[in-house]
Amino acid sequence: MSTPLNADLHCHSVNSDGTLTPTELAARAHANGVDLWALTDHDEVAGQAEALQAARAHGLRYLTGVEISVTFADVTVHIVGLGFDHTDPRMAEGLADTRDGRGPRAVEMGEQLAKAGIPGAYEGALKYVGNPRLIARPHFARFLVETGVCRDTAEVFRKYLVEGKPGYVPHRWARLGDAVKWITQGGGVAVIAHPARYKFTATEEYALFSEFKQHGGQGVEVVTGAHSPQEALRYADMAREFGLAASRGSDFHSPDESHVDLGLLPPLPDGLTPVWSLLQARIH
Ligand code: AMP
Ligand code: MN
Ligand code: MN
Ligand code: MN
C-alpha cells in the first residue's frame, strides 16, 4: 500500500487568531512532512499570497483556504473553503461584511470583562492582534493568560469566553448559503469544519448537513485536531451517508496552544473520497 498523502487543510496565521506568520507555518508544515497544505484564516484571505509563495519555496503543494464564520440555527458554525480564487472580489466583499461586527463585539467583550473585575482587556487583547480587521476571542485569552488571570487559554475560554460566561458576546455571522456561494463561485469546495464541536441536536445537525448539501457544499472535516478517534469515525459515516468528500486538518493556531501540530494527524479512515481529489485542478 502506498503512503497516504499528508494533507493538512486547516490552520491559522497572524492574519487571524494564529501566532505564526504564513511563512513560519509553511516552514513548520514542511518540517512536519506535510505534502499538501492550506492556510485557512478566519474570515480573511490576506495571508494567501504569502502562504502560496512560502509553500512554493518549500516545494509544498498548496490550496487556497479560508474558514468562514456562519450562524446556523443560532449556533456558530465554521465553513472551510478550499481551492477558490482568493482574488475574487465577491469573496472579499462577503468576508468584509462577515468581519464587520468584530470590532464593536470586542469593545463590548472588554466592557463585560471589566464588569467582571478584569479591566483593560480590550486594549490588552489588541496587543496580540496581528490584523486590525480580525480581533477574535483567542486574543483576549492570551491577554488573560499574560496577566495571570488564568493558567492557559483553555481555562480562559471555560471561565470567561463561552456562552453563559461574563466575556461572551453573542454575534450573528454570515448565512450558510452565502458562505458556500462565496467559495463555490470562486471555483472552490466548501467543507463543514470540525462538526463534532457544535452543540446541535440530532435534528439540527441533520438540517445543517442537508442544507449545506443543497447549497452546493461538498465536504466535511473527518480528521481534525478537534476530533477524537471516535468522532472521526462518526463523521466518516456522516460523509458516506451524505455523499460528502472528507477533509483532514490540524486547526493549528500556535506552538504554545495547539495540541495537534501541523501534519501530525491520523490518516483519513478507509473508503472515503478525500476532498483534494475534487480539487486536483486547483492545487498550486
Ligand atoms: P471568535 O471567532 O472570536 O468567536 O473566536 C473563535 C476562536 O476561538 C476559534 O477559532 C478557536 O481558535 C478559539 N476557541 C473557541 N472555543 C475555544 C475553546 N473552548 N478553547 C480554546 N479556544 C477556543
Ligand atoms: Mn481560531
Ligand atoms: Mn473553527
Ligand atoms: Mn480553525
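In listed order, ligands and their atoms are each counted from 1. When a residue number appears, it is its place in the shown sequence, counting from 1.
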Engineer: I want to know whether Y206 and F242 have ring centres closer than 6.0 Å.
Structural biologist: yes
Engineer: Quick check: of its N, O or S atoms, which one does D17 have closest to the Mn ion (ligand 2)?
Structural biologist: OD2
Engineer: Are side-chain heavy atoms of V80 and H10 found at a separation under 4.5 Å?
Structural biologist: yes
Engineer: Is there a donor-acceptor pair under 3.5 Å between the side chain of E257 and the backbone N or O of A154?
Structural biologist: no
Engineer: Which value, rounded to 10°, describes the ND1(H78)-the Mn ion (ligand 3)-NE2(H194) angle?
Structural biologist: 110°
Engineer: Looking only at N, O or S atoms, find the one in H253 nearest to the Mn ion (ligand 2) and name it.
Structural biologist: NE2
Engineer: Less than 4.0 angstrom from a charged side-chain N to a carboxylate O is my criterion; do R234 and D237 meet it?
Structural biologist: no
Engineer: To the nearest 10°, how many degrees is the angle H10 NE2 to the Mn ion (ligand 4) to D251 OD1?
Structural biologist: 80°
Engineer: Does H42 bring an N, O or S atom to under 2.8 Å of the Mn ion (ligand 3)?
Structural biologist: no
Engineer: Could you please compute the angle at the Mn ion (ligand 4) from NE2 of H12 to OE1 of E67, rounded to 10°?
Structural biologist: 90°
Engineer: Quick check: H227 with H194 (ring centres under 6.0 Å apart)?
Structural biologist: no
